[in-house]
Amino acid sequence: MALSGVEIFKLLPKTNCKKCGQPTCLAFAMKLAQRQATLDACPDVSEEAKKILGEASAPPVRPITFGSGDKAVKMGEETVLFRHDKKFVNPCAFALEIKDTLSEDEIGKLCGQVMSSEIDRVGQKLRIDAIALSNVSSDAGKFEAAAKVIAAKAAGVPVIISTENPQAAEAAAKLFAGQKPIIYGVNSSNAEAMANVAKAHKASLGVYAQGLEELSALTEKVKALGIEDMVIDSGARRAKDVIESNTLIRRAAVKKNFKPLGYPVINFMQREDSLHEALVAIAGITKYASIIVLSSVEKWKNLVLFTLRQNVYTDPQVPMQVEQKIYKIGEPAPEAPLFITTNFSLTYFIVSGEIENSRVPCRLAVMDSEGLSVLTAWAAGKFTASKIAQFIQESGIENEVSHKELIIPGYVAILSGAIEDKLPGWKITVGPREANAIPAFLKTRAA
Amino acid sequence: MAFTPSKETYSGKVYPVTIGTGEQAVTLGGENVLAFHAFEGATPNRPVIAYEIQDVPPADWPENVRKPFEAVSSDPVTWAKYCQNELKASAIALRLIGTHPDRENRSAEDAAKTVKDVLAAISVPLIILGSNHAEKDSTVLVAAAEAAKDKNCIIGKAQEANYKTITAAAMANNHKLVAMSELDINLSKQLNILITQMGFEKERLITDPMCSALGYGLEYTYSVMERIRLAALTQNDMTMQPPMLGDVGMYVWKVKETQAPESDLPLWGPAEERGIAWEAATATALLISGSELLIMRHPKAVEAVMKTIEELV
Ligand code: B12
Ligand code: SF4
């Protein structure tokens, strides 16, 4: 647990000199406790206090970067147990397991699936983030050969090098120099050799133990060997045990600031039955996993898992929203149709997507309604006739279009008369209720 | 530094609610921990999944979820029997959607007859749902509750606008009651209070904080459920202790992801698998956030969720 304001105050110079911009040391301490200030604003703080405060203010789950370049994944930094308390910070990564017993062709094919897994959803680019190469063959040569295929066919994708054999780890790790791979498979007997490989290749370590007690001892041991970038595996595999151990790990980190478990968690969720695998992966997504290893990445499954992860990791206080403005879809001429909707990201992307589908160039006026959907915004008084009228008048759209017709969402048909009253000269047309009816709607208008 | 697991002891618990009669009666709720937290408390009952059927043929269901019921869904009795006998449903949810004024506008008497016929054909517990038209439901559900007298069904949904008549009907005919509010913990609490103030026992209630589908507000339902559960357990808030319902099928099978053909959206993969997975994933997330009762449609989605529950308990 982070220190309280009073605990922090005890460590400050207590001179109330105001150099930090705060009236008193106590006021500054309070700001620090709420993470609204940083310690370097006080020039007089002692070295000892710096050390204590620095440790206490470090995030309870260590931040780690996995991979490099534009496919790098950030992990850790979580501060809460429940998403309604505060936004979960770094979405978990999905990794596809590739076994070194597969043929070069098969490995290449799986790499291809990872490379082409990217889907755009509500303005975010989502993908299978990583590959976990596992040394099923127990043969260092085969492992290295498989790693070579991955390095060539999935260039830039972060890699988990999964083996208990330090020689095999070494052989694979050198292929991913400078790409911050994770070497997974560290246990109490190979820790030293693995730590040396990690140091030589600037890799993070994935440590594995049976149970949380053994795991805590192991992370301490690895840390003493000079490696702090770790992901941890308690050995839990059954969904029930994953929930238990992930929960106890997160509680230990967040509530007790227990450093030996303050690392991102890796869960192995591979199952024979792909749908079942997707469902047990949900236990990991909702309950604190930072990496989830999967055995297959079918498109339908990816869409489900990406969407669930996106839902769980959205900010509970601020809905995802887009900028208020008149968006052009295609290259609309002055006479092109004009639609209006709210600025909830989901609403905007669904509606603009359907307008795109229709292949009719249009304008879509997106009004700031604090990120609420059409009906929610209407029910909350944020998408009302007068607000719509004011927005249209102030947007300057009248100079851009050659007509005065505004198409409103079918669910707020009830507003059409009132908008016409408040926007003299404008014709309000009620569009369909569901956005997927927009292409047909535009087609019948054109006919 | 030695590790000591920080286990919680909660002061409250979820009411156990039994539905149905005889050997096939089932009990849901009863736990004194968060969902699937058996490591720190008691979880006596598994979540229950009810198969959704309706009083009129499911012409409005998308093809991929209509297909499995094609041979039976023209008649609610055959449909109910199929779910019980072939799909081994542990409960059935009959939605009287045909009573909606914008639909077939069936009468309350028609609805009552359907309820009687279905009840005569099955031995598993029945959940009786209106068409979600607040006004019409207050006549339809009263007639349905009478028709099902003493069968210990769940009647629903009582909402702010119609809870009085529906609660009275559930009370007079010995049923359990679903109270639905709109994705807001305070509204949910308030409705439970209003209902219990009428003399309805709080141990007979089921809370529906309103469902939403994966990708379409699931995170709101997820968090409201989690907050309700935490209030029940950590603050021993008795108004928040009824089991919770996730009315999954209805919300899931209207979103684009459960319907759009792969030919339109090649990146989304085959529509059938996608739809099943969408329903199963929504259901699983809600179980983890605290739901004890689910209403679902697709047999393969139900099967997959059951298999996952098996791994979670
Ligand atoms: C999630 C949700 C919330 C979230 C907010 C989410 C958000 N960012 O908006 C929260 C929990 C905060 C919320 C709050 C409230 N909500 Co609310 N909420 C919902 C819910 C479940 C989903 C809304 C959603 O995300 N829809 C998805 C988006 C994409 O839909 P959409 O914007 O309408 O867009 C679709 C169409 O309208 C169309 N479309 C959109 N734009 C355009 C434009 C044109 C031109 C055309 C042709 C078509 C078109 O395309 C889209 C897809 O088809 C709905 C119920 C439901 N399942 O629909 C209730 C619902 C909208 N909420 C409702 C209410 C009453 C409220 C509250 C007032 C009450 C409360 N619970 O406290 C508050 C108000 C909020 C406030 N700040 O005061 C009611 C509205 C009732 C009504 N008929 O007016 C609903 C319908 C629930 C219900 N059944 O009663 N809500
Ligand atoms: S600068 Fe440091 S010593 Fe001066 S008031 Fe701020 S906290 Fe106190």
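Just so we're clear, the structure is a prediction, and the values are computed from it rather than from any experiment. Lettering of chains follows the sequences in order, A, B, ..., and the numbering in each one begins at 1.
Looking at every heavy atom in both residues, A/L346 comes nearest to B/G215 through CD2-O, 3.3 Å.
The interface of residues 241-265 of chain B with chain A, defined by heavy-atom distances below 4.5 Å, comprises B/K256, B/E257. Along residues 220-228 of chain B, the residues that come nearer than 4.5 angstrom to chain A, judged on non-hydrogen atoms, are B/Y220, B/Y222, B/S223, B/E226, B/R227 in order of number.
Summarising the local packing, CD1 of A/I414 is surrounded by 12 or fewer heavy atoms from other residues, nucleotides or ligands at distances under 6.0 Å. For CE of A/M320, the number of neighbouring non-hydrogen atoms (other residues, nucleotides, ligands) closer than 6.0 Å is greater than 12. Annotation for A/E213: atom CD does not count as buried by contact number, only 12 or fewer foreign heavy atoms lying within 6.0 Å.
Among the candidates A/L212, A/V280, A/I119, the residue making the largest number of heavy-atom pairs closer than 4.5 Å to chain B is A/L212. Top candidate by heavy-atom pairs under 4.5 Å with chain A, chosen from B/A283, B/A281, B/G275, is B/A281. The candidate with the highest count of non-hydrogen atom pairs below 4.5 Å against chain B, out of A/I282, A/T307, A/L248, A/L279, is A/L279.
Contacts of A/L215 with chain B are absent, with no heavy-atom separation under 4.5 Å from either backbone or side chain. If you measure heavy-atom distances from A/E244 to chain B, the contacts under 4.5 Å come from both the backbone and the side chain. Contacts between B/L34 and chain A at a heavy-atom distance below 4.5 Å involve the side chain alone, from C-beta outward. When heavy atoms are compared at a cutoff of 4.5 Å, A/E118 approaches chain B solely by way of its backbone atoms N, CA, C and O. In this structure, no portion of B/E303 lies under 4.5 Å from any heavy atom of chain A. At a 4.5 Å heavy-atom cutoff, the contact between A/E354 and chain B is made by side-chain atoms alone. Neither the backbone nor the side chain of A/R309 has a heavy atom closer than 4.5 Å to any heavy atom of chain B. In this structure, the portions of A/A283 lying under 4.5 Å from any heavy atom of chain B include both its backbone and its side chain.
With salt bridges taken as basic N to acidic carboxylate O contacts below 4.0 Å, none links B/E310 and A/R238.
Side chain of B/R274 to backbone of A/L303: no donor-acceptor contact under 3.5 angstrom is found.
You'll find the side chain of B/V313 stays beyond 4.5 Å of the side chain of A/K240, heavy atoms only.
By the 6.0 Å and 45° rule, A/R121 stacks over the aromatic ring of B/Y216.
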Could you check B/E8 against A/K255 for salt bridge (Lys or Arg N to Asp or Glu O under 4.0 Å), going step by step and ending with a plain yes or no?
CA-CA 12 Å; B/E8 302 276 351; A/K255 296 174 82 169; 2.5 Å; yes
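Partner of B/E219 under the side-chain contact (heavy atoms from CB on, under 4.5 Å) criterion, chosen from A/R83, A/H84, A/Q310: A/R83.
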